[in-house]
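In what follows, a single structure is set out as structure tokens and then discussed.
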Amino acid sequence: MPGKKQNLIDQQLQDLNNDGVDLRGCLRCIKHSFKTASSQLIYSILWMTVFAATLTLNAAAQTGAWLMPSHDEQHSALSNVQSQALDTIHWHVPVDLSPPQGEIFIHYGSPLVTAANTVIVPVKTGSNSFRVEAHSGATGKRLWAQRTGWQAAAATFTPGLGPTLSNNSLFVPDIAGRVLVRSNPDQALGTVTRLYFYGIENFRKNPTVYEQNVQIDTPLSTDANGNIYFGFLVLGPTPINLQSGLARLAPDGTGTWVSAAVASGDPLITQVAISCAPALSPDGSLLYVAVDNASFGYLLALNSTTLAQVGRVRLTDPSSGMDAMVFDASSATPTVGPDGDVYFGVLENPFPHHNDRGWLLHFNSDLTQTKIPGSFGWDDTASIVPASLVQRYKGTSSYLLMTKYNNYAGIGTGNGKNKIAILDPNATEKDPILPSTLVMKEVITMLGVTPDPGTGFPEAVKEWCINTAAVDPFTTSVIANSEDGKVYRWNLTTNTLSEVVTLSTGIGEAYTPTVIGADGTVYAINHAVLDAVGTTAPNHASQP
């Protein structure tokens, strides 16, 4: 492992010790972490109709908007519009104005797209400074830019800025735990207001205290009624005794909050997990979020109005039974299926007995039942795939899951055969790494394309570089990018990589999302640049 990577790990985690597991020694192993048939279309459209009726998405989402990371409040990553063919790069803009040399240890924020096809781009402008930009989805022309005082929480990988769209407004994390609200994001001019979940009067009395000590540590999530949810850290004392936890902002600006300790019912819990965007049940009544401390964590189900606990489950390794690791380099968030089941990715313990793959944990809606886990999960938010999209599937599940499925070279028994996978959440097979553990059954998988000779493993290929992948039911496909610098269409009918566009020469980087815009343009981040990919003649966006 290059010394630079090891130094970064040691700096962030040198004092952690989990149930006798030496995390410093374990994390020395994390090399990779820095680094259509017509009938099928008819089935897909019918499934989408049912899905749209089941999920309580905002009305804008049903017209093609991508409202938040992983598309919607269930984090389905399931597009409402057909993606364009992957032929060419329309335009591109940087998401980092001063990217690091070499490998990139930064989780860049997900682009968002309004129903009117304006692309909202989170941009890192300095070592820990950010802004949001709005670009025309058709041409890439920048329409406006908005600074924010938000700073990323201290973490092994720098977290990304996570805005959200709701009710023709853009909500952006800001300094002091406040939220900027920009009206009319499709227009060059819009008013900006500020919301404080703990009250504007409290802020005005002691602005410096709150600016120094309160910090939003997750992307923002919104529900169908326009309520905003997010996690926040409290780094020092405040006059009203704020404690790190979860906040809710109602459409009228009224704020409420609950500490992570109170929400979990465990005084040892210290925070909402970094980068863990809250998710909601299909009917909007339950809010899901992970909380943790340096040693263990829980997944919580909370009343979405009162933030009172409805259920909790301690996050454990399904093989060892030990507390799973909720690692601050991860950007995993809960995914909620149409049936209400909840999925959340963790890192294994002891590490790396599962080849640094972690697990995709699986629970029923109130978290009282632990179900079949997936065989990969540590930095991945699962995407929902209608079962009708996979013709060869003969099981009984109405939906499947798409996840990353890497098997990192040189980590435990890892051979570098890095894949992506479609999994059946309700059927089992023996785990490919630890056969004594039953995991979700593989329906189809796709091996990476580009050899990775630097690993010393002859069959190793470059890893898939996604933390959430867009699903296009209209073309029965998944859009995913790779550390080889290319974005691919994975055709689920033929189980082939049917289209590809080169974005860069390829680089090791923290995982990034893929998005499908309102006009079907595909958006992917590679080498600190957001590329808009589709079928029309290329245009070039104005640069900042």
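By convention here, the first residue in the shown sequence is residue 1.
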> Do Phe363 and Tyr343 have ring centres separated by under 6.0 Å?
Replying inline: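 No, the ring of Phe363 stays outside the 6.0 Å limit from the ring of Tyr343, centre to centre.
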
> What about Phe376 and Tyr405, are their ring centers closer than 6.0 Å?
Replying inline: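 Distance test on ring centres: not under 6.0 Å, no.
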
> Is there a side chain to side chain donor-acceptor pair (under 3.5 Å) between Ser70 and Thr468 once you walk through the steps?
Replying inline: CA-CA 6 Å; Ser70 301; Thr468 180; 3.1 Å; yes

Return the minimal non-hydrogen interatomic distance between [X] and [Y], and the atom names on each side.
X: Tyr399; Y: Leu401; answer: CE1-CD2, 4.0 Å
X: Pro185; Y: Leu165; answer: CG-CD2, 4.1 Å
X: His135; Y: Glu133; answer: NE2-OE1, 2.7 Å
X: Lys404; Y: Trp464; answer: CD-O, 3.2 Å
X: Ala250; Y: Asn227; answer: CA-OD1, 3.3 Å
X: Pro163; Y: Pro122; answer: CD-CG, 3.9 Å

> Can a donor-acceptor pair be found between the side chains of Arg312 and Ser264 at a distance below 3.5 Å?
Replying inline: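 On atom types as modelled, these side chains do not qualify, holding no pair under 3.5 Å.
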
> Do Tyr298 and Asp266 have a side chain donor and acceptor closer than 3.5 Å?
Replying inline: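 There is such a pair between these side chains.
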
With a cut-off of 3.5 Å and sequence neighbours excluded, list every side-chain donor-acceptor pair involving residues 230-245.
{"residue": "Thr238", "atom": "OG1", "partner": "Asn241", "partner atom": "N", "Å": "3.3"}
{"residue": "Thr238", "atom": "OG1", "partner": "Leu242", "partner atom": "N", "Å": "2.9"}
{"residue": "Ser244", "atom": "OG", "partner": "Val234", "partner atom": "N", "Å": "2.8"}

Roughly how far, to the nearest 0.5 Å, is [atom2] of [Y] from [atom1] of [X]?
X: Leu286; Y: Asp366; atom1: CG; atom2: CG; result: 8.0 Å
X: Leu361; Y: Leu367; atom1: CG; atom2: CG; result: 11.0 Å
X: Ser110; Y: His71; atom1: OG; atom2: NE2; result: 10.5 Å
X: His362; Y: Leu423; atom1: NE2; atom2: CG; result: 11.5 Å
X: Tyr288; Y: Leu280; atom1: OH; atom2: CG; result: 9.0 Å
X: Thr156; Y: Asp328; atom1: OG1; atom2: CG; result: 3.5 Å

> Run the side-chain contact (heavy atoms from CB on, under 4.5 Å) check on Arg194 and Ile200 step by step: do they pass?
Replying inline: CA-CA 9 Å; Arg194 293 165 175 81; Ile200 190 172; over 6 Å; no

Could you check whether any side-chain N or O of [X] sits under 3.5 Å from a backbone N or O of [Y], counting only pairs where one atom can act as donor and the other as acceptor?
X: Asn481; Y: Gly485; value: no
X: His107; Y: Ala329; value: yes
X: Gln74; Y: Val336; value: no
X: Ser221; Y: Glu73; value: no
X: Asn407; Y: Asn418; value: no
X: Tyr229; Y: Asp223; value: no
X: Ser304; Y: Ser285; value: yes
X: Glu348; Y: His354; value: yes
X: Asn364; Y: Gln369; value: yes
X: Thr381; Y: Thr333; value: yes

Just wondering, do [Y] and [X] contact through their side chains at under 4.5 Å, heavy atoms?
X: Val93; Y: Val529; value: no
X: Leu97; Y: Arg131; value: yes
X: Asp380; Y: Asn467; value: no
X: Ser319; Y: Trp359; value: yes
X: Ile525; Y: Tyr523; value: no
X: Leu287; Y: Leu307; value: yes
X: Ser482; Y: Asp484; value: yes
X: Asn349; Y: Phe351; value: no

>> The criterion is salt bridge (charged side-chain N to carboxylate O under 4.0 Å, His left out); which residues satisfy it with Lys419, sequence neighbours excluded?
In response: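 Once residues adjacent in sequence are excluded, Lys419 has no partner under the salt bridge (charged side-chain N to carboxylate O under 4.0 Å, His left out) criterion.
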
>> Test of understanding: with salt bridge (charged side-chain N to carboxylate O under 4.0 Å, His left out), list the residues that count as partners of Lys371, not counting sequence neighbours.
In response: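 With sequence neighbours excluded, Lys371 shows a salt bridge (charged side-chain N to carboxylate O under 4.0 Å, His left out) to Asp341, given in chain and number order.
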
>> Does Thr316 form a side chain to side chain donor-acceptor pair (under 3.5 Å) with Asp323? I'd like the steps, not just the answer.
In response: CA-CA 4 Å; Thr316 58; Asp323 286 311; over 6 Å; no

> Given the rule in the side chain to side chain donor-acceptor pair (under 3.5 Å) test, do Gln271 and Asp217 qualify, once you have shown the distances and angles that lead to the verdict?
Replying inline: CA-CA 9 Å; Gln271 64 180 17; Asp217 75 329; 5.4 Å; no

>> For Val123 and Val132: C-alpha separation, side-chain torsions, deciding distance, then whether side-chain contact (heavy atoms from CB on, under 4.5 Å) applies.
In response: CA-CA 6 Å; Val123 178; Val132 287; over 6 Å; no

> Should the ring pair Phe203 and Tyr210 be called parallel, tilted or perpendicular, given that the plane angle runs from 0 to 90° and is split at 30 and 60?
Replying inline: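 Geometry flag for Tyr210 against Phe203: tilted rings.
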
>> Parallel, tilted or perpendicular: which one describes the rings of Phe327 and Trp378, with boundaries at 30° and 60°?
In response: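 Rings of Phe327 and Trp378: tilted, 30 to 60°.
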
> Can you list the steps and then say if Thr148 with Leu180 is a side-chain contact (heavy atoms from CB on, under 4.5 Å)?
Replying inline: CA-CA 8 Å; Thr148 172; Leu180 301 177; 4.1 Å; yes

> Are Lys124 and Tyr108 in a cation-pi contact, defined as NZ or CZ under 6.0 Å from the six-membered ring centre and within 45° of the axis?
Replying inline: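 No, Lys124 and Tyr108 do not form such a contact.
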
> Within 45 degrees of the axis of the six-membered ring of Phe296 and under 6.0 Å from its centre: does Arg314 put its NZ or CZ there?
Replying inline: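 Because its charged atom sits under 6.0 Å from the ring centre and within 45° of the axis, Arg314 does stack over Phe296.
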
>> Does Asn202 form a side chain to side chain donor-acceptor pair (under 3.5 Å) with Tyr196? I'd like the steps, not just the answer.
In response: CA-CA 9 Å; Asn202 290 315; Tyr196 301 80; over 6 Å; no

